[in-house]
Number of protein chains: 2
Amino acid sequence: MGRPKTNEREDIRSLVLEKAKALFLKEGYASITIRKIARAIGYTPATIYLYFQSKAEILYELHNEGFRLLYEYKMKIGEAGTSGAMERLRNGGKVYIDFALENPDYYELMFNMPEPRNFMNMHRKGAAEDYAMRSYEFLRQSVQRCKDEGYFKDVDVDTAAFTFWSVVHGMVALIIRKRVPYPQAPTRQLAHEAIEFFGRLMTMERFVSDTRNSLKVIEG
Amino acid sequence: MGRPKTNEREDIRSLVLEKAKALFLKEGYASITIRKIARAIGYTPATIYLYFQSKAEILYELHNEGFRLLYEYKMKIGEAGTSGAMERLRNGGKVYIDFALENPDYYELMFNMPEPRNFMNMHRKGAAEDYAMRSYEFLRQSVQRCKDEGYFKDVDVDTAAFTFWSVVHGMVALIIRKRVPYPQAPTRQLAHEAIEFFGRLMTMERFVSDTRNSLKVIEG
DNA sequence: CTATTAAATAAACAGTGTTTATTAAACTCG
DNA sequence: CGAGTTTAATAAACACTGTTTATTTAATAG
């Protein structure tokens with residue numbers, strides 16, 4: 001008890017975050033307790049409450065870290081030389097799926113917790129960087145490029161972005177949470193095939209001026 | 001204490017389920033405790049454990065009830081005279097969204113809990129009716145009809161069904177869990193627009209024989 | 001009218017997230 | 001230097017949680 005040996009102020013915070021991350025990813029959020037985290041870093045539960053207001057705040061911090069990681073995944077696409085906007089969008093979908101299936105626990109942290117945006121206002125200074133937002137902006141930009149190339153003529157950019165995000169999110173959510181009552185559980189391969197299928201649907205759309213009206217098509 | 005006044009055996013079970021459902025739907029699963037349920041029906045916590053092995057089993061029972069309800073929603077489509085398979089599929093998507101947004105807590109129960117299929121084996125006799133499965137079969141059938149009418153030529157029925165389910169599940173999941181970082185939160189209207197958009201993509205697909213190859217299209 | 005059966009319970013167990021009063025080490029300053 | 005202040009860390013408690021146990025009590029059977 002008492003004060004410790006000249007600990008550099010305020011990096012117990014990252015100590016907690018690191019350990020909590022490791023524990024969450026290994027045993028899942030629900031089964032990890034404040035006491036376990038405290039024991040793992042050699043402090044008492046009460047100490048953690050000097051640096052975080054609640055277990056939920058630790059979660060939010062990691063939630064944002066998850067989106068930062070996703071953002072990095074997506075950044076890889078920008079580097080690889082892709083030919084068209086649509087291909088870029090499709091690759092974005094695949095990268096998203098890869099991220100989610102390679103980091104399912106992170107994904108759970110990011111999408112399976114009570115609204116984290118409720119905290120943000122209270123305890124963080126300027127909300128620092130909201131990677132969830134940046135991630136969405138990235139998608140929005142990709143969709144806008146598609147529109148510039150003639151796709152998605154009769155739908156606004158947010159609706160299209162929302163649709164596309166829903167597809168990939170829905171896929172990984174169903175897979176990760178094992179909610180698909182298949183004989184054999186769906187795999188990443190199925191998801192990739194589905195994205196290919198979906199991508200073909202979208203690619204096709206460019207050839208049609210206004211899909212709400214009747215149209216003539218010659219098969220080739 | 002002691003034995004009660006000639007209670008018909010085994011319908012405390014449904015008493016618990018009814019009350020738990022009402023409480024879950026009003027205050028959310030997490031914040032409802034066994035003690036609260038017990039108090040609400042005028043029994044003690046231990047009594048509940050005579051009829052359910054765990055809180056999770058109560059959840060599974062309601063989970064299945066949720067899928068039964070969804071199944072009923074979907075059955076309404078069969079009645080309404082729809083012209084084509086594709087319209088039927090699109091309507092199915094809208095009904096699915098309506099169900100989810102009208103019963104968000106049910107939807108949480110159904111998709112946001114640890115795998116419920118793990119219980120099933122142990123405690124229920126013949127698993128009775130698995131409405132999750134039946135619901136999927138319904139979708140699969142709708143997709144098959146689309147294939148019969150010439151859609152989805154170069155994709156197998158399960159991949160197409162998975163894709164379609166992912167779209168609607170993704171949409172409602174993002175909306176319900178408020179994970180869309182829009183200025184204004186997305187509404188049911190946005191979801192319906194997105195489904196329309198997606199539906200148009202699919203409708204279009206019929207006119208193309210093999211979408212993997214190049215094609216000629218004359219705009220009309 | 002006892003003996004048995006079984007429904008319901010009280011009370012405990014082992015945990016949880018969180019709060020409070022207290023300790024003890026480090027720093028400040030007269 | 002030594003007293004006073006600040007502050008990191010804690011021990012211990014609080015009010016809960018899901019679940020289990022031994023016990024009571026009422027209805028039924030012989």
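In what follows, chains carry the letters A, B, and so on, assigned in the order in which the sequence lines appear, proteins first and then strands, with residues in each chain numbered from 1.
Rounded to whole angstrom, the span from the CD1 atom of A:Ile48 across to the P atom of C:dG17 amounts to 10 Å. D:dT17 atom P lies 16 Å from atom NZ of A:Lys55, rounded to whole Å. Between the P atom of C:dG17 and the CG atom of A:Leu59 lies a distance of 13 Å, rounded to the nearest Å. One interatomic measurement links the two molecules: CD of B:Glu57 to P of D:dG18, which rounds to 15 Å at whole-angstrom precision. Going from atom CD1 of A:Ile58 over to atom P of C:dT18 covers 9 Å, rounded to whole Å. Here the P atom of nucleotide C:dA8 and the CG atom of B:Leu50 are 7 Å apart, to the nearest Å.
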- [ ] Apply side-chain contact (heavy atoms from CB on, under 4.5 Å) to the pair B:Val16 and B:Tyr51, showing each step before the final yes or no.
- [x] CA-CA 9 Å; B:Val16 168; B:Tyr51 299 91; 5.7 Å; no
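Residue B:Tyr51 places none of its side-chain N or O atoms closer than 4.0 Å to OP1 or OP2 of C:dA7. In terms of phosphate contacts, B:Tyr49 brings no side-chain nitrogen or oxygen within less than 4.0 Å of OP1 or OP2 of C:dT9. At the phosphate of C:dA8, neither OP1 nor OP2 sits under 4.0 Å from any side-chain N or O atom of B:Thr44.
Under the rule for a side-chain contact (heavy atoms from CB on, under 4.5 Å), the partners of A:Lys94 that lie at least two apart in sequence or sit in another chain are A:His192, A:Ile195, A:Glu196.
A salt bridge between A:Arg68 and A:Glu65 is present, with a side-chain N of the basic residue lying under 4.0 Å from a carboxylate O of the acidic one.
Shown for residues 19-40 of chain A: residues whose heavy atoms fall under 4.0 angstrom of DNA chain C, namely A:Ile32, A:Thr33, A:Ile34, A:Arg35.
At least one side-chain heavy atom of A:Leu89 sits less than 4.5 Å from a side-chain heavy atom of A:Leu139.
Applying the side-chain contact (heavy atoms from CB on, under 4.5 Å) test between A:Tyr29 and each of A:Asn112, A:Leu62, A:Ile58, A:Leu109 identifies A:Leu109 as the sole match.
Taking the six-membered ring for Trp, A:Phe67 and A:Phe111 have ring centres closer than 6.0 Å.
The 5' end of DNA chain D is approached more closely, in terms of each residue's nearest nucleotide, by A:Thr47 than by the other of A:Thr47 and B:Ala46.
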